[in-house]
Amino acid sequence: MNFMEHRVMHNCGQNEDISAYLDGELVPTARRAFENHLEGCTVCREGVARLRELQRQLRALPPRAVGYDLTAQVHARSHHERTPMTRRPRWRLSQLVPLSSAMAATIALGVYLGFLISKPDENLMPIPELVLLDPVPPCSASISAMVLL
Amino acid sequence: MRQRPDDECIALYQGGDRTAFDELVRRYQDHLYRYIFHMVRSRDEALELTQDTLLKVLQGLETWRPDAPFRHWLFRIACNTTIDAVRQRKQVQHVPIDEDEDLPDAGMTPESRAHLSERCRDLETALGMLSHEHREVLLLREFEEMSYREIADTLCISEGTVKSRIARARAELVALCEATTETTKANGRT
(Lines give C-alpha, C1' and ligand atoms only; values in the text may rest on other atoms or scores of the structure.)
Protein backbone atom coordinates (compact mmCIF):
# COMPACT_ATOMS: atom_id res chain seq x y z
CA MET A 1 0.00 0.00 0.00
CA ASN A 2 1.48 3.37 -1.00
CA PHE A 3 1.21 6.66 0.83
CA MET A 4 -1.89 7.94 -0.99
CA GLU A 5 -3.75 4.66 -0.61
CA HIS A 6 -2.90 4.67 3.07
CA ARG A 7 -4.14 8.25 3.38
CA VAL A 8 -7.41 7.61 1.56
CA MET A 9 -8.07 4.38 3.46
CA HIS A 10 -7.52 5.90 6.87
CA ASN A 11 -8.74 9.41 5.99
CA CYS A 12 -5.46 10.54 7.46
CA GLY A 13 -5.02 14.14 8.48
CA GLN A 14 -8.75 14.80 8.43
CA ASN A 15 -10.03 12.22 10.81
CA GLU A 16 -12.08 13.36 13.79
CA ASP A 17 -9.99 11.01 15.87
CA ILE A 18 -7.03 13.39 15.66
CA SER A 19 -9.10 16.09 17.36
CA ALA A 20 -10.57 13.70 19.91
CA TYR A 21 -7.13 12.20 20.62
CA LEU A 22 -5.81 15.70 21.33
CA ASP A 23 -8.64 16.22 23.82
CA GLY A 24 -8.16 12.83 25.49
CA GLU A 25 -11.65 11.84 24.43
CA LEU A 26 -10.89 8.52 22.75
CA VAL A 27 -11.84 5.40 24.70
CA PRO A 28 -8.77 3.40 25.78
CA THR A 29 -8.96 0.83 22.98
CA ALA A 30 -9.44 3.51 20.31
CA ARG A 31 -6.62 5.57 21.79
CA ARG A 32 -4.20 2.63 21.70
CA ALA A 33 -5.16 1.84 18.11
CA PHE A 34 -4.67 5.46 17.07
CA GLU A 35 -1.29 5.69 18.81
CA ASN A 36 -0.20 2.54 16.98
CA HIS A 37 -1.32 4.19 13.75
CA LEU A 38 0.58 7.39 14.59
CA GLU A 39 3.85 5.46 14.80
CA GLY A 40 3.65 4.69 11.11
CA CYS A 41 1.76 7.69 9.72
CA THR A 42 3.52 11.01 9.12
CA VAL A 43 0.34 12.70 7.95
CA CYS A 44 -1.50 12.05 11.20
CA ARG A 45 1.51 12.97 13.32
CA GLU A 46 1.67 16.30 11.49
CA GLY A 47 -2.07 16.71 11.99
CA VAL A 48 -1.74 16.17 15.72
CA ALA A 49 1.16 18.63 15.89
CA ARG A 50 -0.78 21.22 13.91
CA LEU A 51 -3.84 20.99 16.16
CA ARG A 52 -1.69 21.01 19.27
CA GLU A 53 -0.08 24.27 18.12
CA LEU A 54 -3.52 25.74 17.35
CA GLN A 55 -4.71 24.80 20.81
CA ARG A 56 -1.65 26.42 22.36
CA GLN A 57 -2.26 29.65 20.43
CA LEU A 58 -5.94 29.76 21.35
CA ARG A 59 -5.23 29.30 25.04
CA ALA A 60 -2.53 31.95 24.85
CA LEU A 61 -4.89 34.61 23.52
CA PRO A 62 -5.10 37.70 25.74
CA PRO A 63 -7.59 37.12 28.53
CA ARG A 64 -10.76 39.10 28.14
CA ALA A 65 -12.01 40.56 31.39
CA VAL A 66 -14.80 42.86 32.44
CA GLY A 67 -12.42 44.97 34.51
CA TYR A 68 -14.72 45.63 37.46
CA ASP A 69 -17.18 43.86 39.76
CA LEU A 70 -20.56 43.38 38.07
CA THR A 71 -22.50 42.47 41.21
CA ALA A 72 -23.75 45.98 41.90
CA GLN A 73 -25.06 46.42 38.36
CA VAL A 74 -26.75 43.04 38.30
CA HIS A 75 -28.50 43.77 41.60
CA ALA A 76 -29.50 47.23 40.41
CA ARG A 77 -31.06 45.80 37.25
CA SER A 78 -32.83 43.13 39.24
CA HIS A 79 -34.26 45.74 41.60
CA HIS A 80 -35.31 47.94 38.69
CA GLU A 81 -37.15 45.09 37.02
CA ARG A 82 -38.93 44.19 40.24
CA THR A 83 -39.81 47.71 41.51
CA PRO A 84 -42.45 48.84 38.97
CA MET A 85 -44.51 45.77 39.69
CA THR A 86 -44.37 46.09 43.49
CA ARG A 87 -45.35 49.77 43.50
CA ARG A 88 -48.50 49.37 41.49
CA PRO A 89 -51.66 49.66 43.64
CA ARG A 90 -53.05 46.29 44.40
CA TRP A 91 -56.79 46.35 43.76
CA ARG A 92 -59.01 43.83 45.42
CA LEU A 93 -61.90 42.21 43.62
CA SER A 94 -64.35 43.61 46.21
CA GLN A 95 -63.21 47.06 45.21
CA LEU A 96 -63.11 46.40 41.51
CA VAL A 97 -66.72 45.17 41.13
CA PRO A 98 -68.58 48.30 42.33
CA LEU A 99 -66.06 50.53 40.62
CA SER A 100 -66.47 48.82 37.32
CA SER A 101 -70.23 48.82 37.67
CA ALA A 102 -70.27 52.56 38.34
CA MET A 103 -68.03 53.17 35.37
CA ALA A 104 -70.23 51.09 33.12
CA ALA A 105 -73.35 52.91 34.28
CA THR A 106 -71.73 56.28 33.71
CA ILE A 107 -70.68 55.35 30.23
CA ALA A 108 -74.15 54.02 29.42
CA LEU A 109 -75.83 57.19 30.69
CA GLY A 110 -73.51 59.33 28.67
CA VAL A 111 -74.22 57.37 25.53
CA TYR A 112 -77.98 57.61 26.14
CA LEU A 113 -77.90 61.36 26.70
CA GLY A 114 -75.82 61.85 23.65
CA PHE A 115 -78.29 59.85 21.67
CA LEU A 116 -81.17 61.99 22.93
CA ILE A 117 -79.46 65.22 22.05
CA SER A 118 -78.37 64.18 18.60
CA LYS A 119 -81.57 62.50 17.37
CA PRO A 120 -84.60 64.72 16.40
CA ASP A 121 -87.97 63.74 18.01
CA GLU A 122 -90.73 63.41 15.47
CA ASN A 123 -93.44 63.93 18.16
CA LEU A 124 -92.34 67.42 19.08
CA MET A 125 -93.95 70.34 17.28
CA PRO A 126 -91.59 72.38 15.21
CA ILE A 127 -90.52 75.52 16.89
CA PRO A 128 -92.09 78.39 14.97
CA GLU A 129 -90.05 81.24 13.79
CA LEU A 130 -90.19 84.12 16.18
CA VAL A 131 -91.74 87.27 14.65
CA LEU A 132 -90.98 90.42 16.51
CA LEU A 133 -94.02 92.66 16.79
CA ASP A 134 -94.08 96.06 18.35
CA PRO A 135 -97.50 96.45 20.07
CA VAL A 136 -96.96 100.07 20.86
CA PRO A 137 -96.90 102.36 17.87
CA PRO A 138 -94.26 105.01 17.79
CA CYS A 139 -95.20 107.62 20.27
CA SER A 140 -96.53 110.89 18.66
CA ALA A 141 -95.55 114.28 20.01
CA SER A 142 -99.12 115.27 21.14
CA ILE A 143 -99.63 112.19 23.26
CA SER A 144 -96.27 112.68 24.89
CA ALA A 145 -97.20 116.22 25.84
CA MET A 146 -100.52 115.09 27.37
CA VAL A 147 -98.73 112.54 29.55
CA LEU A 148 -96.38 115.08 30.93
CA LEU A 149 -99.15 117.46 31.82
CA MET B 1 -9.79 32.04 52.06
CA ARG B 2 -11.46 28.84 50.95
CA GLN B 3 -13.48 29.19 47.80
CA ARG B 4 -16.93 27.77 48.42
CA PRO B 5 -18.19 25.28 45.84
CA ASP B 6 -20.95 26.46 43.53
CA ASP B 7 -23.59 24.23 45.12
CA GLU B 8 -22.73 25.56 48.56
CA CYS B 9 -23.07 29.17 47.39
CA ILE B 10 -26.44 28.40 45.88
CA ALA B 11 -27.66 26.61 48.99
CA LEU B 12 -26.62 29.60 51.09
CA TYR B 13 -28.39 31.96 48.71
CA GLN B 14 -31.56 29.92 48.80
CA GLY B 15 -31.29 29.94 52.57
CA GLY B 16 -31.30 33.73 52.62
CA ASP B 17 -27.66 34.74 52.26
CA ARG B 18 -27.87 37.09 49.30
CA THR B 19 -24.12 37.72 49.26
CA ALA B 20 -23.56 34.13 48.18
CA PHE B 21 -24.72 35.08 44.69
CA ASP B 22 -22.10 37.85 44.58
CA GLU B 23 -19.41 35.22 45.05
CA LEU B 24 -20.70 33.35 42.00
CA VAL B 25 -20.72 36.56 39.96
CA ARG B 26 -17.10 37.34 40.80
CA ARG B 27 -16.13 33.76 40.05
CA TYR B 28 -17.72 33.55 36.62
CA GLN B 29 -18.16 37.03 35.20
CA ASP B 30 -14.86 37.04 33.30
CA HIS B 31 -15.39 33.51 32.04
CA LEU B 32 -18.80 34.52 30.70
CA TYR B 33 -17.51 37.76 29.26
CA ARG B 34 -14.66 36.06 27.41
CA TYR B 35 -16.97 33.45 25.90
CA ILE B 36 -19.64 35.98 24.92
CA PHE B 37 -17.08 38.43 23.55
CA HIS B 38 -15.74 35.85 21.10
CA MET B 39 -19.28 34.98 20.09
CA VAL B 40 -20.53 38.51 19.41
CA ARG B 41 -17.21 40.29 18.74
CA SER B 42 -18.30 43.50 20.42
CA ARG B 43 -17.08 44.69 23.81
CA ASP B 44 -20.16 46.72 24.65
CA GLU B 45 -22.58 44.04 23.60
CA ALA B 46 -20.58 41.37 25.41
CA LEU B 47 -20.74 43.42 28.58
CA GLU B 48 -24.48 43.85 28.29
CA LEU B 49 -25.09 40.20 27.48
CA THR B 50 -22.92 39.15 30.40
CA GLN B 51 -25.13 41.20 32.69
CA ASP B 52 -28.24 39.76 31.02
CA THR B 53 -26.94 36.26 31.67
CA LEU B 54 -26.16 36.95 35.31
CA LEU B 55 -29.54 38.59 35.78
CA LYS B 56 -31.29 35.50 34.43
CA VAL B 57 -29.21 33.36 36.72
CA LEU B 58 -30.20 35.50 39.69
CA GLN B 59 -33.85 35.28 38.73
CA GLY B 60 -33.71 31.50 38.45
CA LEU B 61 -31.51 30.81 41.43
CA GLU B 62 -34.32 30.52 43.96
CA THR B 63 -35.77 27.47 42.26
CA TRP B 64 -32.56 25.98 40.81
CA ARG B 65 -32.02 22.31 41.59
CA PRO B 66 -28.65 20.56 41.23
CA ASP B 67 -29.69 18.16 38.49
CA ALA B 68 -26.58 19.20 36.60
CA PRO B 69 -23.51 21.22 37.56
CA PHE B 70 -24.17 24.90 37.98
CA ARG B 71 -21.50 25.81 35.40
CA HIS B 72 -23.36 23.91 32.70
CA TRP B 73 -26.59 25.73 33.49
CA LEU B 74 -24.72 29.05 33.60
CA PHE B 75 -23.18 28.59 30.18
CA ARG B 76 -26.39 27.23 28.75
CA ILE B 77 -28.03 30.52 29.67
CA ALA B 78 -25.06 32.39 28.19
CA CYS B 79 -25.28 30.39 24.95
CA ASN B 80 -29.02 30.96 24.59
CA THR B 81 -28.74 34.65 25.46
CA THR B 82 -25.97 35.07 22.92
CA ILE B 83 -27.68 33.23 20.13
CA ASP B 84 -30.86 35.27 20.66
CA ALA B 85 -28.84 38.46 20.38
CA VAL B 86 -27.01 37.27 17.27
CA ARG B 87 -30.26 36.25 15.59
CA GLN B 88 -31.73 39.65 16.31
CA ARG B 89 -28.70 41.26 14.82
CA LYS B 90 -28.67 38.77 11.92
CA GLN B 91 -25.02 39.26 11.33
CA VAL B 92 -21.90 39.10 13.37
CA GLN B 93 -20.09 42.38 13.60
CA HIS B 94 -16.38 42.03 13.43
CA VAL B 95 -14.63 44.39 15.78
CA PRO B 96 -10.96 44.85 15.04
CA ILE B 97 -8.81 44.07 18.01
CA ASP B 98 -7.00 47.34 18.42
CA GLU B 99 -6.04 47.46 22.05
CA ASP B 100 -2.80 46.04 23.31
CA GLU B 101 -3.38 46.47 27.01
CA ASP B 102 -4.29 42.81 27.38
CA LEU B 103 -0.92 41.65 26.09
CA PRO B 104 1.79 40.80 28.60
CA ASP B 105 4.29 43.59 28.85
CA ALA B 106 7.23 42.08 30.65
CA GLY B 107 10.35 41.41 28.60
CA MET B 108 8.93 42.19 25.18
CA THR B 109 10.49 44.45 22.61
CA PRO B 110 8.15 46.74 20.68
CA GLU B 111 8.68 44.64 17.56
CA SER B 112 7.85 41.35 19.23
CA ARG B 113 4.89 42.94 20.95
CA ALA B 114 3.58 44.22 17.62
CA HIS B 115 4.15 40.81 16.04
CA LEU B 116 2.32 39.05 18.87
CA SER B 117 -0.50 41.55 18.68
CA GLU B 118 -0.87 40.94 14.96
CA ARG B 119 -0.91 37.17 15.39
CA CYS B 120 -3.52 37.43 18.09
CA ARG B 121 -5.63 39.68 15.93
CA ASP B 122 -5.39 37.23 13.03
CA LEU B 123 -6.38 34.30 15.20
CA GLU B 124 -9.29 36.13 16.80
CA THR B 125 -10.43 37.31 13.39
CA ALA B 126 -10.29 33.76 12.07
CA LEU B 127 -12.18 32.59 15.16
CA GLY B 128 -14.87 35.15 14.44
CA MET B 129 -15.29 33.74 10.95
CA LEU B 130 -16.34 30.31 12.14
CA SER B 131 -20.02 29.47 12.20
CA HIS B 132 -21.89 30.02 15.47
CA GLU B 133 -22.22 26.27 16.09
CA HIS B 134 -18.52 25.59 15.49
CA ARG B 135 -17.36 28.56 17.52
CA GLU B 136 -19.41 27.83 20.63
CA VAL B 137 -18.16 24.24 21.00
CA LEU B 138 -14.56 25.29 20.37
CA LEU B 139 -14.73 28.09 22.93
CA LEU B 140 -16.22 25.84 25.59
CA ARG B 141 -13.51 23.29 24.89
CA GLU B 142 -10.48 25.62 24.68
CA PHE B 143 -11.39 28.36 27.16
CA GLU B 144 -13.54 26.51 29.68
CA GLU B 145 -11.78 23.15 29.17
CA MET B 146 -15.09 21.33 29.26
CA SER B 147 -15.14 17.67 28.29
CA TYR B 148 -17.20 16.55 25.31
CA ARG B 149 -19.84 15.23 27.70
CA GLU B 150 -20.00 18.54 29.56
CA ILE B 151 -20.29 20.48 26.32
CA ALA B 152 -23.04 18.12 25.15
CA ASP B 153 -24.90 18.64 28.43
CA THR B 154 -24.50 22.42 28.23
CA LEU B 155 -25.66 22.75 24.63
CA CYS B 156 -28.20 19.90 24.75
CA ILE B 157 -26.59 18.06 21.83
CA SER B 158 -25.00 14.61 21.52
CA GLU B 159 -21.35 13.86 22.26
CA GLY B 160 -20.94 12.70 18.68
CA THR B 161 -22.09 16.09 17.45
CA VAL B 162 -19.66 17.81 19.82
CA LYS B 163 -16.81 15.65 18.54
CA SER B 164 -17.51 16.33 14.87
CA ARG B 165 -18.14 20.07 15.37
CA ILE B 166 -14.91 20.56 17.30
CA ALA B 167 -12.94 18.65 14.64
CA ARG B 168 -14.47 20.72 11.84
CA ALA B 169 -14.00 23.96 13.76
CA ARG B 170 -10.31 23.22 14.24
CA ALA B 171 -9.80 22.20 10.63
CA GLU B 172 -11.51 25.37 9.45
CA LEU B 173 -9.52 27.52 11.84
CA VAL B 174 -6.24 26.00 10.71
CA ALA B 175 -7.15 26.67 7.08
CA LEU B 176 -8.16 30.27 7.86
CA CYS B 177 -4.98 30.92 9.81
CA GLU B 178 -2.82 29.43 7.07
CA ALA B 179 -4.57 31.57 4.48
CA THR B 180 -4.06 34.68 6.64
CA THR B 181 -0.37 33.85 7.07
CA GLU B 182 0.08 33.46 3.33
CA THR B 183 -1.65 36.77 2.71
CA THR B 184 0.54 38.50 5.27
CA LYS B 185 3.68 37.04 3.70
CA ALA B 186 2.55 38.09 0.23
CA ASN B 187 1.84 41.63 1.44
CA GLY B 188 5.27 41.72 3.05
CA ARG B 189 6.96 40.69 -0.19
CA THR B 190 5.21 43.34 -2.31
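Convention: sequence-line order gives letters A, B, ...; per-chain numbering from 1. Just so you know, these numbers use all the heavy atoms, side chains as well, and skip hydrogens, waters and symmetry mates.
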Atom group of B:His31 that falls short of 4.5 Å from chain A, counting heavy atoms:
neither

Cluster overlap A:Leu22 with A:Phe34, hydrophobic side-chain contacts below 4.5 Å
yes

Residue B:Arg168 excluded, over 12 heavy atoms near CZ under 6.0 Å
no

Please determine whether residues B:Ile83 and B:Leu49 belong to a single hydrophobic cluster, defined as Ile, Leu, Val, Met, Phe, Trp and Tyr linked transitively by side-chain heavy-atom distances below 4.5 Å.
no

Measuring heavy-atom distances to chain B, does A:Leu54 have an atom under 4.5 Å in its side chain, in its backbone, in both, or in neither?
side chain

Measure distances from A:Tyr68 to the heavy atoms of chain B and classify the residue's part below 4.5 Å as side chain, backbone, both or neither.
both

Reported CZ-to-CD distance for the pair A:Arg77 and B:Glu48, which is rounded to 0.5 angstrom:
6.5 Å

Separation between CG of A:Leu58 and CZ of B:Phe143, rounded to the nearest 0.5 Å
6.0 Å

In Å, rounded to the nearest 0.5 Å, how long is the span from CD of A:Gln57 to CG of B:Leu127?
12.0 Å

A:Arg64 with B:Glu124: basic N within carboxylate O range, under 4.0 Å:
yes

For B:Leu58 and A:Val74, the nearest pair of non-hydrogen atoms, with its separation, is CD2-CG1, 4.3 Å

What distance do B:Thr19 atom OG1 and A:His75 atom NE2 have between them, rounded to the nearest 0.5 Å?
8.5 Å

Does any backbone or side-chain atom of B:Glu23 lie under 4.5 Å from a heavy atom of chain A? Answer side chain, backbone, both or neither.
neither

Between the side chain of B:Arg170 and the main-chain N/O of A:Ser19, is any donor-acceptor distance below 3.5 Å?
yes

Relative to chain A, which segment of B:Leu138 carries a heavy atom at a distance below 4.5 Å: side chain, backbone, both, or neither?
side chain

With sequence neighbours excluded, give me every salt bridge (charged side-chain N to carboxylate O under 4.0 Å, His left out) pair touching residues 57-66 of chain B.
B:Arg18-B:Glu62

Spatial distance of atom CG (A:Leu61) from atom CG (B:Leu123) [nearest 0.5 Å]:
4.5 Å

Less than 4.5 Å to any heavy atom of chain A: does that hold for the side chain of B:Leu55, its backbone, both, or neither?
both

Any B:Glu145 side-chain heavy atom under 4.5 Å of A:Asp23 side chain
no

Does B:Gln29 reach the side chain of A:Asp69, with side-chain heavy atoms less than 4.5 Å apart?
yes

In the single-linkage hydrophobic clustering (I, L, V, M, F, W, Y; side-chain heavy atoms under 4.5 Å), do B:Leu130 and B:Val86 co-cluster?
yes

Establish whether B:Met129 and B:Leu173 are linked, either directly or via other cluster members, by ILVMFWY side-chain heavy-atom contacts under 4.5 Å.
yes

Answer key: most heavy-atom pairs under 4.5 Å with chain A among B:Thr50, B:Leu139, B:Asp52 is B:Asp52

What do you reckon, is CG of B:Asp44 surrounded by more than 12 foreign heavy atoms closer than 6.0 Å?
no

Name the region of A:Glu25, side chain, backbone, both or neither, that has any atom closer than 4.5 Å to a heavy atom of chain B.
side chain

For chain A, which of B:Gln59, B:Arg26, B:His38 has the most heavy-atom pairs under 4.5 Å?
B:Arg26

Contact origin within B:Tyr35 toward chain A - heavy atom pairs under 4.5 Å
neither

If hydrophobic clusters are built from ILVMFWY residues whose side chains come within less than 4.5 Å, do B:Tyr28 and B:Trp64 share one?
yes

Close contacts, residues 146-162 of chain B versus chain A, judged by heavy atoms under 4.5 Å
B:Ser147, B:Tyr148

Proximity breakdown for A:Leu70 and chain B, heavy-atom pairs closer than 4.5 Å:
both

